[in-house]
Amino acid sequence: MKVTKAVIPAAGLGTRVLPATKSMPKEMLPIVDKPAIQYIVEEAVNSGITDILIITNRGKGIIEDHFDRSPELEERLLASGKKDVYDEVVAISKLANIYFIRQKETKGLGHAVNCARSFVGNEPFAVLYGDDVIIGEDPACGQLIRAYEKYGKSVVGIKAVPENEIFKYSSLKVDKLEDNIYSCTDMVEKPKTPEAVLSLYSILGRCVLTPDIFDILDNTPPGAGGEIQLTDAMKTLATTVGMTGVDYTGKRYDMGDKFGILQATVEIALKNPVLAQPFKNYLKELVKTL
Ligand code: UTP
């Protein structure tokens with residue numbers, strides 16, 4: 001079955017980016033000239049996704065406004081002859097069919113994904129974590145969808161993380177199938193001891209799940225941090241029917257982390273057709289003073 005639906009969980013509290021995220025959702029933090037979540041929606045659309053459910057919570061209404069029309073602003077832009085910006089602003093509201101639902105309590109990523117059950121129905125669907133921006137020629141979500149179509153199992157986007165950081169992430173048991181594609185037969189969220197580490201491969205930012213995940217989530221008790229962890233539910237899939245892991249191409253930026261936000265800003269500015277050259281000149285001068 002074709003994957004046309006995606007879920008973007010964006011209801012986290014963003015405590016690692018405080019105080020910026022006290023009233024501003026981290027998903028709306030700008031990278032150069034677009035909020036982070038717009039890059040994610042564009043990646044989904046470029047991967048063949050037509051319907052997107054964004055999971056929000058209290059105080060995240062500006063995400064809805066961003067993907068809506070803005071008649072007053074549009075009128076002003078047209079009247080002042082700014083047709084290019086007008087087109088860009090209107091295009092945001094036409095990217096995809098975008099739906100919203102609120103996660104009423106912040107009980108974890110697994111709990112957030114479970115809010116998507118009625119939207120998803122009985123189809124496979126993609127999950128794009130709302131604070132992970134991935135930039136690359138070949139959209140990461142599309143790479144996972146192709147692996148789903150080829151192997152018929154739920155797919156996780158994976159990357160190797162430094163050994164001293166694996167305790168902050170998930171750790172996966174993987175075996176190579178071809179090139180950058182692996183079978184995944186077990187996983188653990190935030191391994192507590194070196195013995196619990198299955199490999200340095202971790203799930204980062206993207207997955208494609210079959211709808212049987214919802215019944216599993218219903219029966220998943222709170223795990224690490226007292227939250228209902230998506231990894232704990234995916235572990236059931238991995239150890240029973242098995243999953244596929246794709247070490248996707250593209251650069252991932254963690255917008256839930258202050259350093260990640262800085263990296264995204266600098267590197268994406270250096271790719272911007274208008275800003276790249278003046279920004280490069282500025283950086284070269286700045287580097288001399290460091
Ligand atoms: P994180 O664990 O990075 O989110 O979740 P967080 O809680 O905002 O982070 P910190 O640790 O407090 O800084 C990864 C993704 O899952 C979403 C987040 O919005 C983020 O996109 N999420 C997390 C939810 O939608 N609901 C939750 O209850 C938790």
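Both counts, for ligands and for their atoms, begin at 1 and track the order of listing. Quick caveat: nothing in here was measured; it's all calculated off a predicted structure.
- The only member of Glu42, Glu43, Glu88 that meets salt bridge (charged side-chain N to carboxylate O under 4.0 Å, His left out) when paired with Lys34 is Glu42.
- Within the structure, side-chain hydrogen bond (donor to acceptor under 3.5 Å, both in side chains) contacts touching residues 23-33 (residues at least two apart or in different chains) are Lys26-Asp131, Glu27-Lys60.
- Protein residues having a heavy atom under 4.0 Å from any atom of ligand 1 are Pro9, Ala10, Ala11, Gly12, Leu13, Gly14, Thr15, Arg16, Lys26, Glu27, Gln103, Thr106, Lys107, Gly108, Leu109, Ala112, Gly130, Asp131, listed by chain and number.
- Listed by first and then second residue, the salt bridge (charged side-chain N to carboxylate O under 4.0 Å, His left out) pairs involving residues 141-152 are Asp138-Arg146, Lys150-Glu178 (not counting sequence neighbours).
- Sorted by first and then second residue, the side-chain hydrogen bond (donor to acceptor under 3.5 Å, both in side chains) pairs with a member in residues 72-82 read Arg69-Glu74; sequence neighbours excluded.
- In this structure, Phe100 has its ring center at least 6.0 angstrom away from the ring center of Phe119.
- Around atom CG of Asn281, more than 12 heavy atoms belonging to other residues, nucleotides or ligands sit under 6.0 Å away.
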